[in-house]
Every structure is written in C-alpha cells, then in structure tokens.
Amino acid sequence: MSLSKDEKLSHLLDLMNLAKADESIQKIESVYIYKVAERMGIDQLELVKLETLGVEKRSLPRTEHQIIPLFHRLLILMCIDASIDDLEISFCKDLGLKMGLNPFAVNEIVTLACQKQPEHLSPDEINTIFRRFYN
C-alpha cells in the first residue's frame with residue numbers, strides 16, 4: 001500500500017520543519033528533502049507551494065510498516081549535516097510519538113542515530129528495535 005498524496009505532503013512538511021528546527025538549513029538538508037520529494041512523485045513547484053502554504057491537516061499513514069520508513073527519513077535528515085541539535089532530537093522524538101510509535105523504541109532509535117553516521121543506521125536495525133518493543 002503506497003502513501004496518499006496528503007500523507008506524502010505531510011511527511012515532506014515534517015522534513016522541512018525538522019530542517020528548520022536548528023534555525024540553520026544546510027544545503028545538504030535541502031537537497032535531501034528535494035530528492036525524497038522527487039522519489040515520492042512531488043515536483044519542485046509543489047514543494048515550494050508546500051513550504052509557503054503548508055497543509056490544511058496533517059495526514060499520517062495508518063499502518064506501522066508505512067510509518068517506520070518515514071521516521072527513518074527523519075533520522076537521516078537529523079544526522080545528515082553532521083551536527084545534531086537538541087531541538088532536532090526533540091522534534092524527532094515528539095513526531096515519533098505523534099506518529100503512534102512506541103516511545104521506548106523511539107528514544108532508543110534516536111539515541112542510536114545520534115551515535116552513528118546516518119548511513120550506518122539501517123532499516124533492519126530500526127525494525128529490530130521496534131519488534132523488540134512490540135513483542
């Protein structure tokens with residue numbers, strides 16, 4: 001099951017807000033968001049409109065197997081500029097909870113992300129942690 005357009009736009013807006021959390025948007029963060037949008041089928045014009053107007057209502061996927069990859073993208077963006085601010089950490093934790101993810105798993109995964117390079121935080125590691133807390 002793929003994401004709806006509203007879910008994609010909400011996710012991209014979350015990524016934009018995370019990039020702004022430390023009040024310093026790095027070029028690598030902008031490029032990452034653009035590439036995610038491109039992979040989701042959202043063009044640059046829609047992305048600019050989204051940044052300007054936002055979304056009427058946040059739309060999150062209903063299933064965990066759709067939410068976890070979105071959370072992983074947030075972590076990658078948080079780490080991508082090699083400078084992790086406390087505001088970015090709080091943003092990721094808060095959004096993970098709003099997404100309905102297990103708070104203990106979210107804390108462990110964010111801590112792990114802060115300790116590792118983003119490319120070394122694999123989807124398998126994240127899924128293993130979530131499974132441990134859900135079983």
Side-chain angles (χ1 to χ4, degrees):
M1 177 188 276
S2 63
L3 298 176
S4 71
K5 185 163 184 177
D6 288 341
E7 290 167 344
K8 291 175 185 179
L9 293 175
S10 289
H11 178 57
L12 291 167
L13 187 60
D14 288 336
L15 290 172
M16 290 177 193
N17 289 332
L18 174 58
K20 295 175 190 174
D22 62 359
E23 298 180 15
S24 174
I25 301 172
Q26 302 297 318
K27 181 168 177 75
I28 193 167
E29 292 172 320
S30 295
V31 169
Y32 180 77
I33 293 167
Y34 174 74
K35 291 295 184 184
V36 169
E38 189 177 78
R39 291 186 82 198
M40 292 180 144
I42 305 297
D43 65 33
Q44 195 168 9
L45 183 60
E46 282 182 285
L47 204 54
V48 170
K49 183 179 171 185
L50 177 64
E51 187 173 18
T52 305
L53 301 176
V55 292
E56 259 184 59
K57 182 181 176 195
R58 166 181 263 140
S59 183
L60 292 172
R62 296 192 192 283
T63 63
E64 189 175 275
H65 77 273
Q66 291 175 308
I67 292 172
I68 291 173
L70 302 182
F71 186 67
H72 188 203
R73 281 196 196 112
L74 289 167
L75 298 173
I76 291 169
L77 182 64
M78 177 181 74
C79 300
I80 206 165
D81 64 355
S83 172
I84 301 172
D85 188 273
D86 288 341
L87 293 171
E88 293 172 315
I89 293 169
S90 293
F91 185 94
C92 284
K93 286 181 178 182
D94 290 344
L95 190 54
L97 298 178
K98 288 176 185 171
M99 293 171 136
L101 298 172
N102 181 291
F104 298 108
V106 166
N107 278 330
E108 185 172 325
I109 291 167
V110 169
T111 299
L112 184 63
C114 291
Q115 295 169 351
K116 291 186 162 203
Q117 295 290 342
E119 63 270 8
H120 298 302
L121 185 62
S122 75
D124 287 339
E125 283 180 284
I126 290 173
N127 288 330
T128 299
I129 292 168
F130 278 115
R131 274 194 303 273
R132 190 172 74 242
F133 282 99
Y134 288 116
N135 288 329

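In this text, all values refer to a predicted model and were calculated from it rather than measured experimentally.
- The distance from atom CD of E88 to atom OG of S83, rounded to the nearest 0.5 Å, is 6.5 Å.
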Determine all donor-acceptor pairs shorter than 3.5 Å in which one atom belongs to a side chain in residues 103-113; sequence neighbours excluded.
{"from": "N107", "atom 1": "OD1", "to": "K93", "atom 2": "NZ", "distance (Å)": "3.3"}
{"from": "N107", "atom 1": "ND2", "to": "P103", "atom 2": "O", "distance (Å)": "3.4"}
{"from": "E108", "atom 1": "OE1", "to": "R132", "atom 2": "NH2", "distance (Å)": "2.5"}
{"from": "E108", "atom 1": "OE2", "to": "R132", "atom 2": "NH2", "distance (Å)": "2.5"}
{"from": "T111", "atom 1": "OG1", "to": "N107", "atom 2": "O", "distance (Å)": "2.9"}

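- Looking at heavy atoms from C-beta onward, V55 lies in side-chain contact with L13 at the 4.5 angstrom threshold.
- Under the 3.5 Å distance criterion, the side-chain polar atoms of S10 are left unmatched by any main-chain donor or acceptor of R58.
- In this structure, the side chains of L74 and L77 stay at 4.5 Å or more apart for every pair of heavy atoms.
- The shortest non-hydrogen separation linking E7 to P61 is OE2-CA, 3.2 Å.
- In this structure, CD in E51 is found 14.0 Å from CD in E46, a value given to the nearest 0.5 Å.
- Considering only heavy atoms from C-beta on, L3 comes within 4.5 Å of M40 through its side chain.
- Partner D85 forms a side-chain contact (heavy atoms from CB on, under 4.5 Å) with one of L87, D81, I89 and no other, that one being L87.
- Here the NE2-CD1 distance, from H65 to I67, works out to 10.0 Å after rounding to the nearest 0.5 Å.
- Hydrophobic clustering, with ILVMFWY side chains joined whenever heavy atoms are under 4.5 angstrom apart, groups I76 together with F130.
- Interatomic distance, I68 CD1 to I126 CD1, rounded to the nearest 0.5 Å: 8.5 Å.
- A donor-acceptor pair shorter than 3.5 Å cannot be found between the side chains of E125 and T128.
- The structure places OG of S90 at 11.0 Å from CG of L18, a figure rounded to the nearest 0.5 Å.
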Next item on the list: Start with the C-alpha distance between K5 and I42, add both sets of side-chain angles, then the distance that settles side chain to side chain contact (heavy atoms under 4.5 Å, CB included), and finish with yes or no.
Entry: CA-CA 9 Å; K5 185 163 184 177; I42 305 297; 4.3 Å; yes
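- Between Q66 and S2, the shortest heavy-atom contact is NE2-O, 3.5 Å.
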For residues 26-34, which side-chain N or O atoms pair as donor and acceptor with protein atoms under 3.5 Å away, sequence neighbours left out?
{"from": "Q26", "atom 1": "NE2", "to": "S24", "atom 2": "OG", "distance (Å)": "2.8"}
{"from": "E29", "atom 1": "OE1", "to": "Q26", "atom 2": "N", "distance (Å)": "2.8"}
{"from": "Y34", "atom 1": "OH", "to": "E38", "atom 2": "OE2", "distance (Å)": "3.4"}

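- Under the 4.5 Å side-chain contact rule for hydrophobic residues, I25 and I80 do not share a cluster.
- Going from atom CG of L60 over to atom NZ of K98 covers 10.0 Å, rounded to the nearest 0.5 Å.
- L75 and L97 fall into different hydrophobic clusters, where Ile, Leu, Val, Met, Phe, Trp and Tyr side chains are chained together by heavy-atom contacts under 4.5 Å.
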